[in-house]
Each structure stands twice: as C-alpha cells, then as structure tokens.
Protein chains: 2
Amino acid sequence: MTLVLVVDDDIQIARALRINLSARGYRVAVAHDGAEALRAAAKARPDLVVLDLRLPGTDGISVISSLRAWTVTPIVVLSGRTDETTKIAALDAGADDYVTKPFGMDELLARIRAALRRSAVAARQADEPLVDTGSFSVDLGVKKVWRQGAEVHLTPTEWGMLELLVRNRGRLVTQKQLLADVWGPQYAGRSHYLRIYIAQLRQKLEPDPARPRHLITEPGMGYRLA
Amino acid sequence: MTLVLVVDDDIQIARALRINLSARGYRVAVAHDGAEALRAAAKARPDLVVLDLRLPGTDGISVISSLRAWTVTPIVVLSGRTDETTKIAALDAGADDYVTKPFGMDELLARIRAALRRSAVAARQADEPLVDTGSFSVDLGVKKVWRQGAEVHLTPTEWGMLELLVRNRGRLVTQKQLLADVWGPQYAGRSHYLRIYIAQLRQKLEPDPARPRHLITEPGMGYRLA
DNA sequence: ACCGGCTGTCAAAACCGCGTCAGGCCCATC
DNA sequence: GATGGGCCTGACGCGGTTTTGACAGCCGGT
C-alpha cells in the first residue's frame, strides 16, 4: 500500500493530513522536524513526502537536498511562504510541487495523486513489476507469463483478466469489475464469459486445474488471485 | 534541444512565454486553440506542454484527456480559474501542475524545470545506442542497421517502427503505441499499416522472414523485439 | 428429494486478426 | 513526361480467438 511521509511541526496540520490521507487508503507516517524526517525516509522508504518548509531547527530546503541525494521519491512542499524566491529555491532543490498555506485539502490531495501517478508511470517502465505466485510469475511491464521456467502464451482476453487480477492481488475482484475492465461496462451480467476464461487461465497456469490454488472463486462475488 | 509547446489564446502571455523560454534555451512552439494544440503535439512531439485552460471553442480539460490518451509528456496548466474544483479536475485528468494567473514568470519557469527534470529521470532508461539481436544490429545514434556485416537500407517509416521496438526491446509494444509514435495518435486503429511494415522489416532483417525470430507478433496486442 | 441459482465443462460456430499480394497514388528526380 | 521509390488501399485465405449454446455438478433452501 502506498506510504506517505508527512513532515510538519504543526500538530493541527499533521493531524488533518493523517486523517484525510488515511481515509483515502494511504498509509501515513509522521515526522516533526528535519532530522526525524530524514531518518524516517531512510527507514520507511515512503512513496511520497509532504514536507513543510518551516521546521524547527533545520532549514526545509536542505532537507529536500538531503533527500534528493539518494532518492527520487516525489516531494510535495507545503509552506506559509508565498514569495517566489523561496518557491523557486525549493523547486530547484528537487521538490516536485509547492503548495502555499492556507491550502484546500482537496487540492492538496489531487496534487498528491498527480505526483504519485507520475512516479507510478516512471516505475512501471523502470522496475520489473514481477509478480510471483509460486506456481507462475507475471511481468506486467513486458506482458509475459512464465510457468516452470517456460513462457506461457496468453490470448488478449486471458491477459486482460490476469492483469486485473494481478494488479489486485489478494483482493477480491468482482465479476462486474472484470467484465467492465476487459469487455466494457455494457457487458456487466455476462458472467458466462468469466467462467470460460478463468477455466482457460487455470488450464494454463494452475498446477492442478481441477483444484485451483491461485485463481480462487468467491461464489456470488467474483475472483481473487492468491 | 528541449521543445516546449505553449497553448494560449492570449497573445500577450504567449509572447511573454515565448521570449522567456527562448532566453532559457528552450525551443518554443505556439498554438492558440485546442484543436491546433492537439495537432501540434502530434506533429512536433514536445517535451512539455504549457496549457491555458480557457481556450476558444475547446474545453481545456478535454484537451488534457486527449493528450493523455497517447502521451505522458508533462502538462503544466495555466489558468485564471482559482476554484478548487477546476484545479482538481485538471490534475486528475492528467495535468502535472496547475499555476493560477496572475503568475510570476520565474515561478512558472521553475515549475517547468521541475516537470522536465522528473521526465528526464524517467527517460534516462533507453540510452543504449548500439543494439544487437544476433541476426542484425541497430545503431540508434547514427540511425543505421546492419545484417551480416552489410548495411541495410530502411525507409523512414520502417526506421520509425524499428526504432520504437528497439527502444522497448523485450517488452511488448502495443499497436496503438506503434501507430501513435510513427504515424500520429489519430491513426490508432489502422493496424493494417503495421502488418505491411512489419512484413517489410522481416523481409529485410529476419534470416527466415516466414518464421520470424526477432520481430514477434503478439496476436491482438502488438509486436515485440526479441 | 426436488428445485433454482451459480459454477464449471465441452464443443461447434461465428468472428476477427494476421500475413500476403497486387495495384494505385504522390512526389522527387531526371 | 517518364521513371522509380515510398506509402496507402483493397481483397483474400488461413488460423486462432471469441462467442454461443447445451449440459453436468454443487449447494442451500423448501
């Protein structure tokens, strides 16, 4: 799950951010000064940092520089200072965005989403999003599937279903979601299709297709990748 | 050199941007409405787009969506509208940043630098100029191809396809990606073209064109360079 | 035990995508 | 005006994919 590190000495703001981010499904870590922030970032490897520039002791800009020395995780700066000079210094030090207080929570959340989306795009090309279930492994970036070392050929529809299940690994994917994602929203209700293609995926990927261990049916609801 | 596409119907602002960006060493293209912007983006492939949301005719948000359908080039929105709803809509449609008028030129330039820096990090992946498949080798720098020691002549279109495949060696390149990159985003669906040119590339590059070993078809999805 | 709803299986039929060939257009060159 | 290379268009056959239909098994409720 996505982890956001909030760095702010203002208890009110830190609290408000924690509540709102948690409600949106992010995990949240909090630090209250620069030194703590650097320690927390090194240890927890957050996917994004929200950083207040006015911190006790440390200078905010140098916190940005210290982070940028070893990580490219997005940094969204939050600040009371509206002067251009500070904004430019922060952005050039490596910040990804700069929001001035007072700020609208919804806007900040949208900017966080935008920053995360960008880094997700970058990561999808760089990293190897290789998922391994134990019986077979899937590379989402390259669009390939292996089973026992050998590559398995999937048709486009099979791949579409598997991709959605892999992206939601462990979670239940409803029949409606699957049909909407692979065939289109107007195909809701054609659960017949799902049975056909789940069966085919099990044939190709499960060690014992009759006793599925990974492509699990949740009766009445949908399917889940274990 | 870095190319920035400025989309603004306000002549003053477009002029000011052109001057300031040029002075900073960027190449600048200008469009004055949404349709022109989409055409220019497809043709010139800018490294970044500065987009005014209030355009004659077109809705700015839909311009963002249209661009995002085929490119990840950073989009910095410039707008007179300060309401949160619009900001959020623009960011969620795929904008990377949102600057409200009146804006400080230096801040805007800093935000542009920040956006370009991010995408540069992502782009620094495919920087391997000489690629060898075993049957033929490609030099992306000088745009040449050899097979069995002899240079092979490719037409511009053939080269465009091969280049994209080489840059994504091993990973699946979808038909949409190929068409958008070589012909332009409005050619999505013309998969016929791909078959013609893949066939020609195979004739020129594969040891046995009837049994391709490198230019692999992934039926229904796209092609892959092995 | 019977039924309805849901899931899994099988096979045939309809459909679509790929590769291929041939021909026509455009444009630069001679 | 003729030539030729490069690009686009149309038609066709083949093979694989998707869709359809029919049937069997499982389970909870009646």
Side-chain angles (χ1 to χ4, degrees), chain A residues 143 145 151-165 172-184 186-206 208-225, chain B residues 43 143 145 151-163 165 172-184 186-226:
Chain A
K143 295 202 176 162
V145 187
E151 190 180 334
V152 180
H153 172 75
L154 296 186
T155 72
T157 311
E158 287 163 0
W159 172 260
M161 288 193 61
L162 183 61
E163 184 176 15
L164 189 58
L165 288 167
L172 170 79
V173 184
T174 66
Q175 304 191 353
K176 209 171 149 189
Q177 273 178 285
L178 276 163
L179 287 163
D181 193 85
V182 179
W183 281 270
Q186 65 274 35
Y187 283 75
R190 307 273 186 101
S191 52
H192 198 104
Y193 293 3
L194 300 181
R195 284 179 229 123
I196 303 281
Y197 284 96
I198 284 285
Q200 288 178 2
L201 282 173
R202 296 212 256 239
Q203 281 299 331
K204 292 183 175 178
L205 301 177
E206 291 275 3
D208 179 3
R211 249 174 293 279
R213 299 183 51 232
H214 300 105
L215 296 161
I216 309 296
T217 305
E218 301 281 359
M221 312 273 287
Y223 295 87
R224 188 165 52 81
L225 178 66
Chain B
K43 200 159 142 239
K143 303 205 176 194
V145 189
E151 189 179 337
V152 180
H153 170 74
L154 295 186
T155 72
T157 310
E158 287 163 1
W159 172 258
M161 288 193 62
L162 183 61
E163 184 176 15
L165 288 167
L172 178 99
V173 184
T174 65
Q175 305 189 352
K176 207 173 149 190
Q177 277 178 281
L178 276 163
L179 288 163
D181 193 86
V182 180
W183 282 268
Q186 64 275 34
Y187 284 76
R190 306 279 186 94
S191 52
H192 200 96
Y193 295 4
L194 301 181
R195 287 180 228 126
I196 304 282
Y197 286 95
I198 284 285
Q200 288 178 3
L201 282 173
R202 294 213 256 240
Q203 283 297 332
K204 292 183 175 178
L205 301 176
E206 290 275 2
D208 178 2
R211 250 175 292 279
R213 300 185 51 234
H214 300 105
L215 297 162
I216 309 295
T217 305
E218 300 282 358
M221 304 204 271
Y223 295 87
R224 178 200 310 277
L225 178 65

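Chain identifiers are assigned alphabetically (A, B, ...) following the order of the sequence lines, protein sequences preceding nucleic acid strands; residue numbering begins at 1 within each chain.
In this structure the side chain of B:M161 reaches within 4.5 angstrom of the side chain of B:L201, judged on heavy atoms. Considering only heavy atoms from C-beta on, A:W159 stays 4.5 Å or farther from A:H153 through its side chain. Residues A:Y223 and A:Q177 form no side-chain contact, since every pair of their non-hydrogen atoms from C-beta on lies 4.5 Å or further apart. Annotation: side chain of B:D181 is not in contact with side chain of B:V173 (no heavy-atom distance under 4.5 Å). Contact of the B:M221 side chain with the B:T174 side chain is not registered, since no non-hydrogen atoms from C-beta on lie closer than 4.5 Å.
Of the charged side-chain nitrogens involved, none lies within less than 4.0 Å of a carboxylate oxygen, so that B:E218 and A:K143 do not count as a salt-bridged pair.
Rounded to a whole Å, the CD atom of B:E158 is 9 Å from the C1' atom of D:dG6. The CH2 atom of B:W159 sits 14 Å away from the P atom of D:dC7 (whole-angstrom rounding). Residue A:Y187 contributes atom OH, which lies 12 Å from atom P of D:dT18 at whole-angstrom precision. We find that CE of B:M221 is positioned 15 Å from C1' of C:dC16, with the value rounded to whole Å.
Counting only distance, with no hydrogens or angles, the side chain of B:R202 and the backbone of B:L215 share a donor-acceptor pair below 3.5 Å. Here the side chain of B:E206 pairs no donor or acceptor atom with the backbone of B:R211 at under 3.5 angstrom.
Proximity of A:T155 to the phosphate of D:dT18: a side-chain N or O atom is located under 4.0 Å from OP1 or OP2. For the pair B:T217 and C:dC18, the criterion of a side-chain N or O lying under 4.0 Å from OP1 or OP2 is not met. For the pair A:W183 and D:dT18, the criterion of a side-chain N or O lying under 4.0 Å from OP1 or OP2 is not met.
In this model, a donor atom of one side chain and an acceptor atom of the other lie less than 3.5 Å apart for A:R190 and A:Y193.
Contacts between residues 190-215 of chain B and DNA chain D, defined by a heavy-atom separation under 4.0 Å, are made by B:R190, B:H192, B:Y193, B:I196, B:Y197.
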Would you tabulate the pairs of protein nitrogen or oxygen atoms and nucleotide nitrogen or oxygen atoms of nucleotides 27-30 of chain D closer than 3.5 angstrom?
none

Table of protein N/O atoms under 3.5 Å from nucleotides 23-30 of chain C N/O atoms:
none

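Residue contacts for B:Y223: at a heavy-atom cut-off of 4.0 Å it reaches the sugar-phosphate backbone alone, with no base atom in range.
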* To do: Under the side-chain contact (heavy atoms from CB on, under 4.5 Å) rule, what do A:Y197 and A:L154 come out as? Steps first, then yes or no, please.
  => CA-CA 11 Å; A:Y197 284 96; A:L154 296 186; over 6 Å; no

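Considering every non-hydrogen atom in both A:L179 and A:A188, the closest pair reads CD1-CA, 4.1 Å.
Nearest to the side-chain atoms of B:Q175 among the listed nucleotides C:dC18, D:dG6, D:dT18 stands C:dC18.
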